[in-house]
There are 2 protein chains.
Amino acid sequence: MALVRNHRPDVVARAVDVLDRHGLGDLSMRRLGAELGVRPSALYHHFPSKQALLAAVADEILLRARFEPDLTAPWDEQVAAVCGWVRDAVLAYRDGGEVVATAYAFGTGAMAPYEALVAALRSGGADGLAEIGARTLLHFVLGHVVDEQTHLQAASAGAIDDAPRAGGDFAVGLGIVLDGLRVRVDAR
Amino acid sequence: MALVRNHRPDVVARAVDVLDRHGLGDLSMRRLGAELGVRPSALYHHFPSKQALLAAVADEILLRARFEPDLTAPWDEQVAAVCGWVRDAVLAYRDGGEVVATAYAFGTGAMAPYEALVAALRSGGADGLAEIGARTLLHFVLGHVVDEQTHLQAASAGAIDDAPRAGGDFAVGLGIVLDGLRVRVDAR
DNA sequence: ACCTGAACACCGTTCAAGT
DNA sequence: ACCTGAACACCGTTCAAGT
């Protein structure tokens with residue numbers, strides 16, 4: 001007898017919720033199932049694997065921070081806007097950075113920021129470097145945000161005494177050069 | 001009765017070996033114990049946790065690609081040399097990038113490259129930006145190398161058709177600017 | 001379409017006890 | 001100093017069967 005009936009979006013929403021409340025380490029199929037009032041095996045009706053579930057979670061996190069590119073803006077401002085979007089989206093949920101970075105690294109999700117960056121870079125005429133530029137910027141942003149988030153969380157958990165760190169912001173005095181064009185990513 | 005007696009370096013060496021032959025996913029405490037002819041619990045005599053073991057593996061991988069900084073070289077060349085060292089070290093072992101990146105992210109290991117980069121950046125006069133610059137460069141290098149390694153391995157396993165990618169090298173036409181000073185990281 | 005029940009093949013970690 | 005034996009509290013995934 002089916003006590004509960006969950007649809008795919010319910011599962012994703014609950015997963016985001018568990019992630020935010022208990023962290024990535026506690027987001028297991030069994031735990032998520034229990035939280036939904038369902039056996040773990042029931043989740044495999046919606047997702048072929050945990051990896052696929054986590055990719056959906058990553059996409060959901062990015063989607064929730066709604067973003068629409070301003071195509072009339074200068075290309076470097078467009079790039080900065082995308083970076084800012086990713087940063088905001090990911091910082092809004094516990095372990096958001098790691099989830100998105102992993103999904104992106106495995107190529108299973110989090111493709112929207114990559115495509116937005118490619119578009120922005122192309123609009124700046126950096127045609128040949130758009131793809132590698134987008135990947136670099138994403139590593140740049142995600143790397144720093146994961147850093148930030150890890151240390152922030154560790155500090156708030158009392159595991160690390162939060163010594164003053166040189167710039168919690170990923171952009172302080174830093175830029176990236178693509179083919180001679182300087183891109184400032186100080187979105188914040 | 002002790003059939004085998006392993007010292008700490010033996011354990012690390014075997015772990016590197018298992019990592020390279022079977023990948024990070026197969027490097028479990030149980031598997032490593034079996035490979036050493038020992039129960040998994042015996043490993044906890046040498047390491048307090050798997051995380052600590054993996055940190056030691058990361059350090060070992062970096063150590064095996066012996067590196068000595070040329071303090072007479074221009075600072076940007078020093079930076080490039082460190083990046084090249086990390087890249088070479090990590091590419092020499094299966095999943096080396098992920099192991100080192102993770103140890104670095106958790107702050108449990110892989111500190112040598114960070115310190116080398118800070119020193120190189122300081123020697124260039126970028127005092128206030130040395131720490132954040134070092135972290136940025138590391139994210140930059142490790143991010144790209146993990147990318148490379150993941151796709152390379154996936155391709156060689158036949159999981160992905162290796163479409164032509166824009167620059168397998170992390171440095172193609174890219175640089176990082178620290179306070180106006182352009183750092184080229186095209187180590188290769 | 002969604003769920004149960006039961007199993008399979010694993011994990012990391014602890015700890016008293018052995019040599 | 002290093003190892004065993006046994007346990008604890010978990011994992012992801014599969015699959016026939018139910019409604």
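Lettering of chains follows the sequences in order, A, B, ..., and the numbering in each one begins at 1. Both backbone and side-chain heavy atoms feed into the values below; hydrogens, waters and symmetry mates do not.
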Student: Counting side-chain heavy atoms from C-beta on, which of C:dT13, D:dC3, C:dC3 comes nearest to B:Lys50?
Tutor: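 Within the option list, the nearest is C:dT13.
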Student: Which nucleotide in the list C:dG12, C:dC3, D:dA1 gets nearest to the side chain of B:Arg5?
Tutor: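 So the nucleotide nearest the side chain must be D:dA1.
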Student: Going by purine N1 to pyrimidine N3 plus the second Watson-Crick contact, or the G-U wobble pair, all under 3.5 Å, which nucleotide sits opposite C:dA6?
Tutor: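 Base partner found: D:dT14.
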Student: To the nearest Å, how far apart are B:Met29 CE and D:dA9 P?
Tutor: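 Computing the B:Met29:CE to D:dA9:P distance gives 20 Å.
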Student: I'd like the P distance from C:dA9 over to D:dC10, given in whole Å.
Tutor: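 So the two P atoms sit 23 Å from each other.
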Student: Taking OP1 and OP2 of D:dC2, is either one under 4.0 Å from a side-chain nitrogen or oxygen of B:Asn6?
Tutor: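 So the side-chain polar atoms of B:Asn6 never come under 4.0 Å of the phosphate oxygens OP1 or OP2 of D:dC2.
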Student: For B:Phe47, does the CZ atom sit with more than 12 other heavy atoms under 6.0 Å from it, leaving out its own atoms?
Tutor: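 Count over threshold, so yes.
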Student: If you define the side chain from C-beta out and look only at heavy atoms, does anything of B:Arg135 sit under 4.5 Å from B:Tyr104?
Tutor: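 With C-beta onward as the side chain, the pair touches.
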Student: Looking only at side chains, do A:His45 and A:Arg8 share a donor and an acceptor under 3.5 Å apart?
Tutor: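 Judged by distance alone, the side chains do not pair up.
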Student: For A:Leu62, is there any backbone N or O sitting under 3.5 Å from a side-chain donor or acceptor partner on A:Trp85?
Tutor: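 Flag set: sc A:Trp85 to bb A:Leu62 pair under 3.5 Å.
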Student: For D:dC2, does OP1 or OP2 lie under 4.0 Å from any side-chain N or O of B:His7?
Tutor: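 It does, given that an N or O in the side chain of B:His7 lies less than 4.0 Å from OP1 or OP2 of D:dC2.
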Student: Please report, rounded to the nearest Å, how far the P atom of D:dG12 is from the CG atom of A:Leu53.
Tutor: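 Answer to the nearest Å: 10 Å.
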Student: Where the side chain of B:Tyr44 is defined as all heavy atoms beyond and including C-beta, which of D:dC3, D:dG12, C:dT14 is the nearest nucleotide?
Tutor: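 Within the option list, the nearest is C:dT14.
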Student: Atom CZ of B:Arg31 and atom P of C:dA9: how far apart are they, to the nearest Å?
Tutor: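 These atoms are roughly 16 Å apart.
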Student: Please figure out whether B:Arg39 or A:Asp26 has its closest DNA chain D nucleotide nearer the 5' end.
Tutor: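 Closest to the 5' end, via its nearest nucleotide, is B:Arg39.
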Student: Are B:Tyr93 and B:Leu53 connected in a single hydrophobic cluster, I mean Ile/Leu/Val/Met/Phe/Trp/Tyr linked by side-chain heavy atoms less than 4.5 Å apart?
Tutor: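 B:Leu53 clusters together with B:Tyr93.
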Student: Checking all strands, does A:Ser41 fall into the base, sugar-phosphate, or nothing category for heavy-atom contacts under 4.0 angstrom?
Tutor: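 Since a base atom lies under 4.0 Å of A:Ser41, the category is base.
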Student: Once you round it to whole Å, what is the distance between C1' of C:dG12 and NE2 of B:His46?
Tutor: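 Taking NE2 of B:His46 and C1' of C:dG12, I get 17 Å after rounding.
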Student: Mind calculating the distance between CZ (B:Arg30) and P (D:dA6) to the nearest angstrom?
Tutor: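 My rounded result for the distance is 14 Å.
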Student: For A:Leu32 and D:dC11, what is the distance between atoms CG and P respectively, to the nearest whole Å?
Tutor: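 It works out to 11 Å between those atoms.
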Student: Can you figure out which of D:dA7, D:dC3, D:dC11 approaches the side chain of B:Ala42 most closely?
Tutor: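 So the nucleotide nearest the side chain must be D:dC3.
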Student: Could you check which of C:dC2, D:dC2, D:dC3 has an atom nearest any side-chain atom of A:His45?
Tutor: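 Closest nucleotide to the A:His45 side chain: C:dC2.
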